[in-house]
Q: 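This is the structure, below, for whatever I ask next.
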Amino acid sequence: MAQTETPGTETVPRTRLRWWTELPLLLLVYGCYSAGRLVVRGDVDDAVEHGLALLRAEKLLHLNAEHPLNHLFTREPWLGIPADFWYASLHYLVTPAILVWLFRSRAEYYRRARTWLMTSTFIGLIGFTLVPTCPPRLLAAGEGFVDTMAHYSAYGWWGGDASAPRGLGGMTNQYAAMPSLHVGWALWCGVMLWRHGGTRLTKVLGVVYPLGTALVVMGTANHYLLDALAGIAVMGVGHLLAPWVTRAADLVRARLFPGSARGAGSPIVSGGCKTSAGERIPRQRESRPGTPAEPDASPTDAGEGAPAPAR
């Protein structure tokens, strides 16, 4: 016999996220990000040509902000050294910290935010694969850029190979400049702080952090302005695709693990029912126009030894 749903019965969707399932997933995404930058090195000549093409396009559009910022950071160590530390560390510290904060304190927003970040990261990896791009610091000296991280390498743990620790420069793809996920991830962090921080300070940080990161990646000669804009565009596309990715993930999970499909919660059957003292099973009560209401308790409801009502 077909089973019909009892009126008042509802299914409550439940979102159960566990750190021991989330952590491997995030490590997998970060591993793909790092491996993609390492494996997909691209042709050096193509990467240099792409970098020069971006520089020519910016000059044509009068958007060349990299040169003045790079000259400023090179001339003023009090700006250049903190900028190098910013570039080499915050990208890898702030983003995980905000993920953990969302998971622990804003769980209702965590899954959507995590999916947005993951989707955008994979789109960025496609960009690294299709458009290997030489950053400004690796162009010929005649282009007028100074690698500030090599210039100030005595003050940090990095060498002359971007943010890689000394001796490990060969383990990173230095031609993965387009798009700038430094800027993209910083924008994601800023949006999370602005939306869910709840204080004026977090809103200020939500604006300062992505703007500061954009200035840092250009001033240190690691990215072009168009790289930064591409990073913003990637995050926008990832935000649009994230709901579709979530639905697809739910469908796959439902097919692979039917018993753990999302939305399989305990039914609530209290709708339209009231329970009197002493009752074990709720009784449906209805009030009809023109019909006197039922007494609240019958002799059997009141328990043993209770006096019978007057007739």
Q: Taking the inter-plane angle between the rings of H196 and Y109 on a 0 to 90° scale, is it parallel (under 30°), tilted (30 to 60°) or perpendicular (over 60°)?
A: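 Judged by the thresholds at 30° and 60°, the geometry between H196 and Y109 is parallel.
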Q: Check whether more than 12 heavy atoms from other residues, nucleotides or ligands sit under 6.0 Å from atom CZ of R112, and answer yes or no.
A: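 No, CZ of R112 has 12 or fewer neighbouring heavy atoms, counting only those of other groups under 6.0 Å.
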Q: As a quick check of understanding, evaluate side-chain contact (heavy atoms from CB on, under 4.5 Å) for Y209 and T213, giving each step before the final call.
A: CA-CA 6 Å; Y209 180 57; T213 299; 3.7 Å; yes
Q: Tell me the closest heavy-atom pair linking H91 and P96, and the distance in Å.
A: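 Heavy atoms only, the tightest pair is O-CD, 4.5 Å.
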Q: Between L225 and E66, which heavy-atom pair has the shortest distance, and what is it?
A: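 What the structure gives for the nearest pair is N-OE2, 2.7 Å.
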Q: Going by heavy atoms in the side chains, are V191 and M235 under 4.5 Å from each other?
A: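 SC-SC contact between V191 and M235 ruled out.
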Q: Does the side chain to side chain donor-acceptor pair (under 3.5 Å) test come out yes or no for T121 and W185, once each step is laid out?
A: CA-CA 8 Å; T121 299; W185 284 15; 3.1 Å; yes
Q: Looking at every heavy atom in both G231 and P179, which two are closest together, and how far apart are they?
A: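 Nearest heavy atoms, G231 then P179: N-CB, 3.6 Å.
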Q: Between D147 and H151, is any pair of side-chain heavy atoms under 4.5 Å apart?
A: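 They are not in side-chain contact.
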Q: Given the rule that I, L, V, M, F, W and Y join up when any side-chain heavy atoms are under 4.5 Å apart, are L63 and L69 in one cluster?
A: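 Per the 4.5 Å side-chain linkage, L63 and L69 are co-clustered.
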Q: For the pair H223 and Y87, name the ring-plane relationship: parallel under 30°, tilted 30 to 60°, perpendicular over 60°.
A: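 The rings of H223 and Y87 sit tilted, inter-plane angle from 30° to 60°.
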Q: Only counting residues at least two apart or in another chain, list the ones meeting side chain to side chain donor-acceptor pair (under 3.5 Å) with H239.
A: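 Partners of H239 by the side chain to side chain donor-acceptor pair (under 3.5 Å) criterion come out as none, since no residue qualifies.
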Q: Do L60 and M178 share a hydrophobic cluster, counting only Ile, Leu, Val, Met, Phe, Trp and Tyr and linking them when any side-chain heavy atoms are less than 4.5 Å apart?
A: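 L60 and M178: separate clusters.
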Q: Y224 vs F145 aromatic rings, parallel, tilted or perpendicular, using cut-offs 30° and 60°?
A: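 The arrangement is perpendicular - the two ring planes meet at more than 60°.
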Q: First locate atom OH of Y110, then atom CE of M192, and finally report the distance between them rounded to the nearest 0.5 Å.
A: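 If I round to the nearest 0.5 Å, the distance is 12.0 Å.
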Q: Does W101 use its side chain to pair, donor to acceptor, with the backbone of R106 at less than 3.5 Å?
A: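 Absent.
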Q: Rounded at 0.5 Å granularity, tell me how far CZ in R111 sits from OG1 in T115.
A: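 If we round to the nearest 0.5 Å, R111:CZ and T115:OG1 are 5.5 Å apart.
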Q: V183 versus D227: any side-chain heavy-atom pair under 4.5 Å?
A: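 The answer is no, as the side chains (C-beta and beyond) never meet within the 4.5 Å cut-off.
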Q: Determine, stepwise, if the pair Y175 / D46 fulfils side-chain contact (heavy atoms from CB on, under 4.5 Å).
A: CA-CA 10 Å; Y175 300 102; D46 287 344; over 6 Å; no
Q: With hydrophobic residues grouped by side-chain heavy-atom distances under 4.5 Å, do V207 and I232 end up in a single group?
A: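 Result: no, two separate clusters.
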Q: Quick check: does any side chain N or O of N70 sit under 3.5 Å from a backbone N or O of V146, one acting as donor and the other as acceptor?
A: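 Yes, the answer is positive, given that a donor and an acceptor are paired below the 3.5 Å cut-off.
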Q: Quick one: do M118 and L240 end up in the same hydrophobic cluster if we chain Ile, Leu, Val, Met, Phe, Trp and Tyr together by side-chain heavy atoms under 4.5 Å apart?
A: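 No: no chain of side-chain contacts under 4.5 Å links M118 to L240.
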Q: side-chain contact (heavy atoms from CB on, under 4.5 Å), that's the test. Do V216 and L90 meet it? Break it down for me.
A: CA-CA 11 Å; V216 162; L90 294 189; over 6 Å; no
Q: Working to the nearest 0.5 Å, report the span between OG1 of T220 and NE2 of H182.
A: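 It comes to 8.0 Å.
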Q: Is it the case that one hydrophobic cluster holds both Y152 and F85, taking links as side-chain heavy atoms less than 4.5 Å apart, direct or via other members?
A: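 Y152 clusters together with F85.
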Q: So how far is it from H50 NE2 to L55 CG, rounded to the nearest 0.5 Å?
A: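 One finds 14.5 Å between NE2 of H50 and CG of L55.
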Q: What pair of heavy atoms forms the shortest contact from A177 to T133, and how long is it?
A: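 Closest approach of A177 to T133: CB-O, 3.5 Å.
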Q: I'd like to know whether L102 forms a side-chain contact (heavy atoms from CB on, under 4.5 Å) with R114, so could you lay out the CA-CA distance, the side-chain angles of the two residues, the decisive distance to 0.1 Å, and finally the verdict.
A: CA-CA 9 Å; L102 288 172; R114 177 256 286 159; over 6 Å; no
Q: Would you say CZ of R104 has more than 12 non-hydrogen atoms from neighbouring residues, nucleotides or ligands within 6.0 angstrom?
A: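 Open.
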Q: Could you measure the distance from the CG atom of L99 to the SG atom of C189? Nearest 0.5 Å is fine.
A: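 Reported value, rounded in 0.5 Å steps: 7.5 Å.
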Q: Kindly say whether L226 contributes a backbone atom to a donor-acceptor pair with the side chain of E58 at under 3.5 angstrom?
A: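 The answer is yes, because a donor-acceptor pair under 3.5 Å joins these two groups.
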Q: Looking at every heavy atom in both A176 and F128, which two are closest together, and how far apart are they?
A: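 Residues A176 and F128, closest heavy atoms: O-CE2, 3.5 Å.
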Q: If you round to the nearest 0.5 Å, how far is OG of S153 from CG of D84?
A: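 So the gap between those two atoms works out to 9.0 Å.
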Q: Taking all non-hydrogen atoms of both residues, which atom of L181 and which atom of S120 are closest, and how far apart?
A: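 Shortest heavy-atom contact: CD2-O, 4.4 Å.
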